Each structure stands twice: as C-alpha cells, then as structure tokens.
Amino acid sequence: QVQLVESGGGLVQAGDSLRLSCAASGSNLGAFAMGWFRQAPGEGRVFVAGISWNGRRTIYADSAKGRFTISRENYGNTGYLQMTRLKPEDTAVYYCAAESIVVAAHIATSSHSYDYWGQGTQVTVSS
C-alpha cells in the first residue's frame, strides 16, 4: 500500500515563506513523478507544480512561477515545495500526489493522471 504524508503547512502572513514536505512510502511504490496541487474552499483541485522522477524537469502553474520551488531527492521518495512571497490567494489545502511512470522525465499536470494522494496540509495566508 502506498502512502503520502504532507507536512509543513500553517498560518503565515502575506510575504512570508513556508516549506511543505511530502514523504512517500509503500512496497508497491516504484518510480513516480511528484506533483503538488491545492484546493481552496469552494473550488476544484488545481495543479501547482510537478517534478519528474529523476528530478531534472519541473513544471509550474503561472501562479507559482517565480515564487514556489519544487524539489525532491533524485530518484527519492521525499519531495518539497518551497513557497515564498505568499499571498492571501495562496490560502488552500495543499496536496502532494504521485504518478507511477515509465519515462523518467515525465510530469503530468492533470490531477486525473496521479495515482496516489496525501491527506493534504492547510496553508493559510493572512493579509
């Protein structure tokens, strides 16, 4: 069974930084791309950032470019989302997700492509 556990969320002020972590484990967990999504109240789950299995490729949503950095241990099971210059509109539950892959450089931006999800961690940014 595969398990993803996020940590690092919290309440911060606008302009602050937070670092989210995602630890993946499980005997069935092979190579996977990792993605971060977020869901604000009353809205759908949207893509924030993704990183390939080999760590060499990253993709960001426009809202995250220049402020967020996704990283992971190369070929490893732990990933991070460093968020800087946070804004109130970044307030959401943040989820990490894993997609089983064959091509090491693959990253998906659709939530439907991901096979495993964490329970989410709340990020609240006050103005």
Side-chain angles (χ1 to χ4, degrees):
Q1 194 167 0
V2 175
Q3 188 174 28
L4 300 178
V5 179
E6 304 100 334
S7 60
L11 172 64
V12 297
Q13 293 186 331
D16 286 351
S17 300
L18 272 178
R19 187 194 197 204
L20 306 183
S21 299
C22 176
S25 62
S27 58
N28 294 333
L29 184 63
F32 65 95
M34 180 178 287
W36 285 93
F37 292 75
R38 69 186 184 187
Q39 187 167 15
E43 299 183 8
R45 194 168 296 188
V46 298
F47 176 79
V48 177
I51 187 166
S52 61
W53 168 239
N54 59 14
R56 295 175 187 172
R57 285 190 66 226
T58 56
I59 298 176
Y60 294 92
D62 287 344
S63 60
K65 288 178 182 176
R67 298 188 302 126
F68 295 2
T69 303
I70 188 171
S71 62
R72 70 185 296 176
E73 302 167 352
N74 287 352
Y75 306 103
N77 291 355
T78 301
Y80 308 94
L81 184 68
Q82 178 69 48
M83 304 185 293
T84 64
R85 292 183 282 137
L86 283 161
K87 305 174 182 179
E89 50 263 45
D90 294 318
T91 295
V93 177
Y94 283 72
Y95 298 90
C96 73
E99 179 197 10
S100 299
I101 56 91
V102 175
V103 177
H106 172 77
I107 309 171
T109 59
S110 169
S111 61
H112 299 292
S113 298
Y114 286 81
D115 304 295
Y116 309 105
W117 292 84
Q119 81 288 349
T121 186
Q122 176 70 47
V123 172
T124 303
V125 184
S126 63
S127 57

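Every value quoted in this text rests on a predicted model; they were computed, and no experiment measured them.
Residues Ala108 and Ser113 approach most closely at CB-CB, 3.5 Å, considering heavy atoms. Shown here for Ile107 and Ala33, the closest heavy-atom pair between the two residues is CA-CB, 4.4 Å.
If you take CG on Leu81 and CE on Met34, they are separated by 10.5 Å, rounding to the nearest 0.5 Å.
Applying the side-chain hydrogen bond (donor to acceptor under 3.5 Å, both in side chains) criterion to Gln122, with sequence neighbours excluded, gives Thr124. Take Tyr94 and apply the side-chain hydrogen bond (donor to acceptor under 3.5 Å, both in side chains) test, not counting sequence neighbours, and it matches Arg38.
When atom types are taken as modelled, the side chain of Thr69 and the backbone of Gln82 share no donor-acceptor pair closer than 3.5 angstrom. Under a 3.5 Å cut-off, the side chain of Glu6 and the backbone N or O of Cys96 do form a donor-acceptor pair. Side chain of Asp115 to main chain of Glu99: no donor-acceptor pair is present (N/O by atom type, distance under 3.5 Å, no hydrogens or angles). A distance-only check finds no donor-acceptor pair linking the side chain of Thr78 to the backbone of Ala23 [under 3.5 Å].
Cluster membership check: Tyr80 does not share its hydrophobic cluster with Met83, using side-chain heavy-atom separations under 4.5 Å among Ile, Leu, Val, Met, Phe, Trp and Tyr.
Taking 4.5 Å as the limit, every side-chain heavy atom of Trp53 sits out of range of all side-chain heavy atoms of His106. At least one side-chain heavy atom of Trp117 sits less than 4.5 Å from a side-chain heavy atom of Arg45.
Taking the six-membered ring for Trp and the full ring otherwise, Tyr60 and Phe47 have centroids separated by 6.0 Å or more.
Between Tyr114 and Phe37, the ring planes are perpendicular. Angles over 60° get that label, and only those under 30° would be called parallel.
The stretch residues 64-82 participates, sequence neighbours left out, in these salt bridge (Lys or Arg N to Asp or Glu O under 4.0 Å) pairs: Asp62-Lys65, Arg67-Asp90.
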### Task
List the steps and the verdict of side chain to side chain contact (heavy atoms under 4.5 Å, CB included) for Leu18 and Val123.
CA-CA 9 Å; Leu18 272 178; Val123 172; 3.9 Å; yes

